[in-house]
Structure formats: structure tokens, C-alpha cells
Amino acid sequence: MTHENRTGRAFGFATQQLHAGGAPADGINARATPIYLSAGFVFDDFEQARDRFGGAEDGFTYTRIGNPTNSSVERRLAALEGGTGAILVGSGQAAVSVAILGLLQAGDHLVSASSIYEGSRGLFLDNFSRLGITTDFVADANDALAWELAITPATRALFVESIPNPKNDLVDIALVAEVAHRHGIPLIVDNTFATPYLLRPLQHGADIVVHSASKFLAGHGSVLGGAVVSGDGFDWSAATSGVAHFPHLTEPTRSLGGRSFVERFGAEAFLVYARDVVTARFGPTPSPINAFLIQQGIETLSLRVDRQSANALAIAEWLEAQPDIESVDYSGLPSNPFHALAQHYLPRGQGSVFSFTLRGGAAAAEQFINAVELFTRMTHLGDVRSLIIHPASTTHAWRSEQQLRDAGIWPGLIRLSVGVEDLPDLLADLQHALDVVRASAPAPAVADLVSEAR
Ligand SMILES: Cc1ncc(COP(=O)(O)O)c(C=O)c1O
């Protein structure tokens with residue numbers, strides 16, 4: 001499919017989410033991409049087997065290396081993100097792992113915003129550290145100097161999330177990209193919460209986008225998946241004082257007959273390496289059934305995200321007006337410190353995962369979460385159904401009290417992932433939970449009542 005309509009204008013997002021990337025050319029012409037549930041693919045003859053392995057002929061060999069259903073999702077996601085290509089993997093964690101392992105090796109250093117998903121933080125602190133890849137965190141991701149100070153001669157990537165979890169403390173992607181590029185290193189953006197419908201990080205200077213496709217992309221809470229999408233603007237032969245930053249991409253390699261990935265693939269060197277050398281070897285390939293369900297989800301992405309963002313904004317406004325609520329961390333609210341960044345980066349909507357803090361602390365949060373009936377108590381997000389969780393005792397439980405305080409994850413903080421239900425039903429559920437908290441709040445002391453009366 002071309003990317004333009006008959007008047008020469010680029011197709012809109014809703015058209016692309018249905019059609020971009022085309023269908024597999026298998027001569028059967030099923031309208032929905034079929035699930036090619038096969039471990040491998042038949043070679044016509046000896047020569048074809050040899051040519052497919054040798055790269056002289058394009059085509060499928062074995063599902064761990066490529067599969068028509070998975071490739072169809074990859075083409076569509078690449079188009080939606082404005083990238084040159086994508087790799088579909090089995091989960092968001094696998095996507096972050098593939099991106100990092102495609103860039104960094106033992107002795108290298110990563111700098112990440114500290115406000116990121118706990119699973120990614122754990123991956124950096126507990127897993128990559130054992131492979132000799134160290135990570136430092138930047139507390140204020142919008143402070144260019146803080147990034148500059150954290151970067152060392154060994155730094156090989158910067159990492160941020162487009163809408164951080166759970167505080168919505170948005171990052172100025174162009175600002176971080178500018179710092180990264182000044183040092184000849186790429187910026188990786190986890191775009192799970194925004195999705196390419198709300199934000200395309202590559203257009204703002206990012207070089208690699210990763211996703212948990214388990215969330216909004218699949219959308220229905222039934223499958224896990226992940227994706228790595230690459231842009232085409234980064235120079236993979238970057239070097240400092242003659243030392244190549246990515247020697248695995250610039251040095252001759254046996255698999256390319258003595259040529260380097262940069263020589264052979266230019267701007268696509270990282271993506272080809274990440275696919276052929278990282279994904280194909282470590283093997284985080286998704287089942288084509290999951291790929292099919294992710295593609296089904298992508299086809300309604302904009303409709304769901306529009307509705308979820310509208311519901312979330314209305315709920316955030318309602319919560320902000322409640323006296324028992326101390327603060328609401330939603331960048332769509334004019335009172336939010338990240339509202340100006342939201343207007344620049346998220347003009348279509350500010351997403352639907354955010355937190356709010358009850359004045360009553362942990363006890364009130366517990367009562368509130370136990371009282372909801374429509375919201376589902378669950379550690380997931382981006383689902384069509386509305387979900388609720390208490391980060392301090394679940395997703396962020398491994399953080400020390402000081403780290404929780406530094407991140408603004410207070411005992412009374414609750415995270416919502418707002419779904420597509422009818423808004424009045426969601427508000428009624430939240431109102432009921434708040435009534436339960438109010439009913440059990442300790443009565444004000446007589447002295448307080450007297451001073452209020454005065
Ligand atoms: C921002 C973000 N990135 C990555 C992941 C990991 O995704 P998965 O659960 O698909 O491995 C999550 C999971 O919640 C997430 O919120």
C-alpha cells in the first residue's frame with residue numbers, strides 16, 4: 001500500500017492503522033492477515049534453501065527468524081511510528097532487552113530517566129549489570145545539564161518513556177535527543193503509554209522506539225507482545241577520538257562475508273543486527289497467534305485511545321475537584337506542571353494512565369481500592385476495561401521509602417488505567433469508593449470543629 005491517498009496527501013492515522021504494510025503476498029488474498037502457525041517454511045528446491053540462508057533471496061525460513069503474520073504487524077507498526085522497520089517480540093520487556101543488547105556490550109553505560117516502568121528499571125539494575133552494562137539515572141529528565149553530567153565516555157544510549165508511569169512527568173524528547181546526538185549516542189523512547197497515535201518520538205529526534213504491545217496496541221488484555229522500531233537518522237559509525245561507539249556494527253563480521261553491518265545496511269545497521277544477531281539468537285519470538293491479536297488491536301487503536309483519553313481527562317477533572325484528594329498527576333489538567341509539554345507533544349490527548357493521591361494515605365487507598373466494583377484490581381494498563389492499582393505496595397514495592405518519596409509515590413497514591421466504559425458509570429464507581437473512604441474517616445476532633453465554626 002502506498003502512504004498517500006488519491007489527492008497525494010498522506011493517509012490519516014486511522015487509515016494507516018488498518019492498511020499500512022499491506023497483506024502477505026501468498027496468492028490466497030485473505031482480507032485479514034492469516035495466522036501462519038508453522039515452525040518453518042518449505043523450500044522449493046536445494047538452491048532456494050541455500051539462497052534464503054545466504055540472503056540472496058528474500059523469504060521465510062523458520063519462524064524464530066521471521067513469520068508472515070509477525071512481519072505484517074512489523075510493517076504496520078513501522079509505518080505508524082514513521083520508522084524504517086520494526087521487530088516484533090514476545091513482550092515489552094523483550095523489546096527493551098533487544099534494543100539494549102543491540103547497542104550495548106560489557107563495559108558500556110546507559111543513562112535513563114529515573115521515572116520509568118519498574119520492570120525496565122529492574123532489568124537495568126539487576127540483569128544488565130550482571131552482563132557488565134551499568135546504568136545511571138537522571139531524576140529530572142528535563143534538565144539537559146543533568147543528562148550531560150551523567151554521560152561518560154562509555155555511555156552508548158539514553159532511555160526515557162514518553163508518558164512516564166505512574167506520575168505522567170512528561171519528558172521533552174527533543175531536548176534529550178539533542179544531548180544524546182551531541183555525544184554520538186542514540187535516544188531510545190519507550191512509547192507504550194502514548195502509542196504512535198498520540199506521539200511519534202522519531203519525529204521529535206528519538207532514534208529507537210520500544211513498546212509493550214501488551215498494552216494499548218493489543219488493547220484487550222489478552223496477549224503479551226513487544227516491538228522495537230528504528231528511525232533512519234542516526235549515524236551508527238559515530239566515534240569519539242577514533243574509538244567507534246558501536247564496533248559490532250562498524251567492524252567486519254563473519255556473517256556478512258567480512259563486511260560490517262554499517263557498510264552493508266547503512267542507516268538500518270542497528271535494526272538488522274537487532275533482528276538477525278540478537279532476536280534470532282536469543283529467541284524472544286512471539287507466537288503468530290499473539291501477532292494476529294496485536295494486529296487486530298492496532299486496527300482500532302485510535303478509536304480506543306481517543307475514547308480512553310477523553311474519559312481520563314474527565315475523571316482527572318472530577319478527582320481534582322474532590323476535597324479528599326491531595327493531587328492528580330494528569331498532564332491534561334491545566335494545573336499540572338507538565339501541561340505545557342503535553343500541549344506540545346500530546347495535542348490529540350494525554351493518554352489514560354495516571355495517578356492521584358488520597359489525603360488519607362495508605363489506609364484510605366486500601367479502602368478505596370477494595371470498594372471499587374467496575375474498575376478491575378489488576379497490574380496491567382491500556383486495556384479496554386478500567387484498571388486500578390496501588391503502586392507503593394505492588395509495582396513499586398521494591399523501592400525503598402526514600403526512593404518512593406523521591407519519585408512522589410506517596411502511600412495514598414493510586415494508579416488508574418482508564419478504559420472505554422461509559423463515563424457516568426466510571427464516575428459512579430469512583431464516587432462510591434470515595435464515599436466508603438469518607439464514611440470510615442475519623443470524625444474531626446471537637447477542637448477542630450470549634451475552630452472551623454469560628
Ligand atoms: C512502559 C512499559 N514498558 C514496558 C513494559 C513491559 O511490558 P510487558 O509486560 O509486555 O513485558 C511495561 C509493562 O507494564 C510498561 O508499562
Side-chain angles (χ1 to χ4, degrees), residues 70 73 77 81 86-101 110 112-128 135 137 141 159-171 173 188-196 198-199 201 206 208-229 279 282-287 290-291 293-294 297-298 305 308 329 331 346 350-355 376-383 385 387-391 394-399 407 409 415-418:
N70 300 4
V73 182
L77 263 179
E81 283 287 4
I87 306 170
L88 193 70
V89 290
S91 69
Q93 287 291 91
V96 177
S97 303
V98 165
I100 301 291
L101 292 172
L110 175 72
S112 170
S114 59
S115 188
I116 58 167
Y117 169 58
E118 276 301 293
S120 303
R121 193 165 173 274
L123 196 59
F124 301 160
L125 287 174
D126 304 330
N127 299 78
F128 288 133
T135 304
F137 294 91
F159 184 92
V160 302
E161 288 180 3
S162 52
I163 303 181
N165 170 14
K167 296 286 286 184
N168 277 208
D169 34 358
L170 301 185
V171 179
I173 293 172
I188 307 170
V189 177
D190 182 331
N191 199 28
T192 300
F193 277 40
T195 84
L198 296 180
L199 173 64
I208 297 168
V209 168
V210 292
H211 275 282
S212 166
S214 327
K215 316 296 182 196
F216 292 95
L217 297 179
H220 297 77
S222 53
V223 289
L224 300 194
V228 180
V229 187
T279 313
F282 284 92
T285 314
S287 163
N290 288 12
L293 289 166
I294 291 166
I298 289 173
V305 170
Q308 286 169 286
D329 302 306
S331 71
L346 301 166
Q350 294 76 48
S352 51
V353 184
F354 67 96
S355 53
T376 305
R377 289 174 283 274
M378 186 166 160
T379 178
H380 183 49
L381 53 95
D383 198 299
R385 288 153 286 242
L387 315 176
I388 189 166
I389 197 154
H390 180 244
T394 58
T395 55
H396 290 65
W398 281 25
R399 289 204 183 191
I409 299 174
R415 187 186 81 189
L416 300 180
S417 174
V418 178

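One-based numbering, in listed order, for ligands and for the atoms of each.
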Asks: For the pair T135 and F159, evaluate side chain to side chain contact (heavy atoms under 4.5 Å, CB included) and give the outcome as yes or no after the intermediate values.
Replies: CA-CA 10 Å; T135 304; F159 184 92; over 6 Å; no
Asks: Ignoring hydrogens, what is the shortest heavy-atom contact between Q350 and I163? Give both atom names and the distance.
Replies: O-CD1, 3.9 Å
Asks: Just to verify, what does R377 make a salt bridge (Lys or Arg N to Asp or Glu O under 4.0 Å) with, not counting sequence neighbours?
Replies: none
Asks: Which atom pairs, nitrogen or oxygen on both sides, join ligand 1 and the protein at under 3.5 angstrom?
Replies:
| from | atom 1 | to | atom 2 | distance (Å) |
| --- | --- | --- | --- | --- |
| ligand 1 | 3 (N) | D190 | OD2 | 2.6 |
| ligand 1 | 7 (O) | S212 | OG | 3.1 |
| ligand 1 | 10 (O) | G92 | N | 2.8 |
| ligand 1 | 10 (O) | S212 | OG | 2.8 |
| ligand 1 | 10 (O) | S214 | OG | 2.5 |
| ligand 1 | 11 (O) | G92 | N | 3.1 |
| ligand 1 | 11 (O) | Q93 | N | 2.9 |
| ligand 1 | 14 (O) | K215 | NZ | 3.1 |

Asks: Minimum heavy-atom separation for T192 to F216, with atom names?
Replies: O-CD1, 3.4 Å
Asks: Which of these, I87, N290, L88, N70, sits in a side chain to side chain contact (heavy atoms under 4.5 Å, CB included) with T285?
Replies: N70
Asks: Please walk me through it: do N191 and H211 pass side chain to side chain contact (heavy atoms under 4.5 Å, CB included)?
Replies: CA-CA 6 Å; N191 199 28; H211 275 282; 3.7 Å; yes
